[in-house]
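Below, read A as the first sequence line, B as the second, and so on, with proteins coming before strands; counting in each chain starts at 1. No experiment lies behind these values; they were computed from the predicted model shown.
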2 protein chains.
Amino acid sequence: MSASGSDLTPLVRKLESIASLSVEERQAVESMPATVRLLDARQDIVRDKDQPAHCCLVLSGWTCRYKLLNQGKRQIFSFHVPGDLPDLQSLHLRVMDHSLATVTACRLAFIPHESMRELTIQFPGLGAALWRDTLVDAAIFREWMIGIGRKTAFGRIAHQFCEMYLKLEAVGLAAAHRCELPITQVDIGDALGLSNVHVNRVLMDMRSQGLITLRGRALVIEDWRALCAAGEFDPAYLHLEPGAS
Amino acid sequence: MSASGSDLTPLVRKLESIASLSVEERQAVESMPATVRLLDARQDIVRDKDQPAHCCLVLSGWTCRYKLLNQGKRQIFSFHVPGDLPDLQSLHLRVMDHSLATVTACRLAFIPHESMRELTIQFPGLGAALWRDTLVDAAIFREWMIGIGRKTAFGRIAHQFCEMYLKLEAVGLAAAHRCELPITQVDIGDALGLSNVHVNRVLMDMRSQGLITLRGRALVIEDWRALCAAGEFDPAYLHLEPGAS
DNA sequence: CGTCGTATTGAATGGGTTCAAGTAGCGTGG
DNA sequence: CCACGCTACTTGAACCCATTCAATACGACG
């Protein structure tokens, strides 16, 4: 189905969190052609080796990027929440080198590459904002590398929870150190290079230490300071604008 | 010291390997102001938390990006060779979230952010090429995440050697499966999340299997196919243009 | 020719995996 | 309304890849 103007509001809000938009820029963003689709949980959106002609914008739900290895192993590279453009990179890299899938049921908007490219050329400020977004993406990859390479399982998971909370808070989907966490322990393991068994043991440990409460999909960070300390979490790498609450 | 026109030739060559340049674009790149500096091995170029006003272009030598953790641990994110812009991201992320240092003695050119930004606005094609470069950067991070998270030490090192060889070959610094490898076993360990002791054992193993020869700084890949297989190496993620030999 | 960084080798230890089994929660349909 | 079946979660025990600690060899360079 085709998008009405208000469908791209999450994108406008996202861009405004990166740069201040002029009236023309805002209108240009909102008037981009977009197709909205609803997907169930655990569906591929774009696959490894595809050559997509659209960018995907998450309107609601969670998505993740991943790659399958031999022997059924899977590495998750990132989780994405409403307002994110999880395959923005496909704008300038023709062939996908990984897959993008839904985690929960999602409402997604698809914007033609052509429109995005015209936008970035006509409004260099918007181009810079989008470029910046992909650079923060890369910064998060680097931080994950540190976790996977150099931290204990406990530290990795603690760090992950801190990061997820701040990302959700930044788009108004979390507050008071509470948020929804619609991913399984297998997902966490696949993201952090751990077995689901060990993820479970660490979560048990965190609970028994009173750091978190996790029942179903409800995550409560009971001791933010201690969790940050355990994960050596410093949010500088997220490059969040100061004052965004 | 100030740069003469020919100093930026490596950048032109790099950009031409990404996109085809018009005469005007080529001239615009070559006429950017640049300061050339010589640095010894193991010197920081830009540090974590700095707010640089220039981009660094590697003219000769190797550099690496890294971050220090507590307890003296270090994670290396990437190695960079002539033609690379290792801190291009600082163009749109004001604060450094990691450091950049020389590995060997280097000849480096520093280009003001201001000039780079003007270039990308005046020539959107060049802007896209540079953006693309940072996207490939991110793709390499993702591939390293897979290695660190999901591969054995043997596979990780094999993959790393394959990647390094192709990167060097792409800029004419390697051929016939031979290249210079001016990094220590500690560096390899810091990049792949391994101890130097274990790196050494794996290298011994690789030699005894006849996969590589490594004497001093001279790496010879004796069995390219087998090394690729061991590292599950598929160069798609490097997004090299076909036909760039 | 000594010295410092790098490489090499051995032995003990440990964090995390793997295999295996059992439990809890939840949507579906009889 | 409860049985069923699926998925996610939980727990135990054995194993292993890689780390750590420690000692030794090499090799470039002043």
Classify the nucleic acid contact of Leu194(B) as base, sugar-phosphate or nothing, counting any heavy atom under 4.0 Å across all strands shown.
sugar-phosphate
Just how far, in rounded Å, is C1' of dT20(D) from CD of Gln71(B)?
13 Å
Which of these nucleotides, dT6(C), dT8(C), dG16(C), is closest to any side-chain atom of Arg156(A)?
dG16(C)
May I ask you to say whether Asp97(B) pairs ionically with Lys67(B), meaning some side-chain N is under 4.0 Å from a carboxylate O?
no
Euclidean distance, atom NZ of residue Lys151(A) to atom P of dG16(C) [Å, nearest integer]:
13 Å
Considering only heavy atoms from C-beta outward, does the side chain of Leu11(A) approach that of Ile111(A) to under 4.5 Å?
yes
Distance check: side-chain N/O of Gln185(A) vs OP1/OP2 of dT10(D), anything under 4.0 Å?
yes
Any N or O donor-acceptor pair linking the side chain of Arg201(A) to the base of dG15(C) at under 3.5 Å?
no
Could you measure the distance from the CG atom of Leu8(B) to the CZ atom of Arg13(B)? Nearest 0.5 Å is fine.
12.0 Å
From the list Asp205(A), Leu211(A), Val199(A), side-chain contact (heavy atoms from CB on, under 4.5 Å) partner of Ile157(A) resolves to Val199(A)
Would you mind reading off the distance between Asn196(A) atom CG and dT17(C) atom C1', rounded to a whole angstrom?
10 Å
Check the distance between dA7(C)'s C1' and Asp187(B)'s CG and give it to me in whole angstrom.
13 Å
Which of the following nucleotides, dC19(C), dG16(C), dA8(D), is nearest to the side chain of Thr184(A)?
dA8(D)
Quick one: which of dT10(D), dG16(C), dT19(D) gets closest to the side chain of Met204(A)?
dT10(D)
Which is more 5' along DNA chain D, the nucleotide nearest His198(B) or the one nearest Asn200(A)? Just name the residue.
Asn200(A)
Would you kindly give the CZ-to-C1' distance between Arg150(B) and dT17(C), to the nearest whole Å?
10 Å
Is the count of non-hydrogen atoms from other residues, nucleotides or ligands lying under 6.0 Å from Arg207(B) atom CZ greater than 12?
yes
Would you jot down, in residue-number order, the residues of residues 205-215 of chain B having a non-hydrogen atom under 4.0 Å from DNA chain C?
Arg207(B)
Salt bridge or not between Arg65(A) and Asp84(A)? Use side-chain N to carboxylate O under 4.0 Å.
no
Assess the pair His159(B) and Tyr237(B): is the distance between their ring centroids shorter than 6.0 Å?
yes
Side chains of Cys106(A) and Thr63(A), heavy atoms from C-beta outward: is any pair under 4.5 Å?
yes
Atom CD1 of Ile157(A) and atom C1' of dC9(D): how far apart are they, to the nearest Å?
14 Å
What is the separation between atom CD1 on Ile188(A) and atom C1' on dG16(C), rounded to the nearest whole Å?
16 Å
With a non-hydrogen cut-off below 4.0 angstrom, is Ser195(B) in contact with a base, only sugar-phosphate, or nothing?
base
Closest to side chain of Val197(B), choosing from dA18(D), dT20(D), dG12(D)
dT20(D)
Name the nucleic acid region contacted by Gly189(B), choosing base, sugar-phosphate or nothing; use a 4.0 angstrom heavy-atom cut-off, strictly under.
nothing
Between dT19(D) (P) and Ile148(B) (CD1): distance, integer Å
12 Å
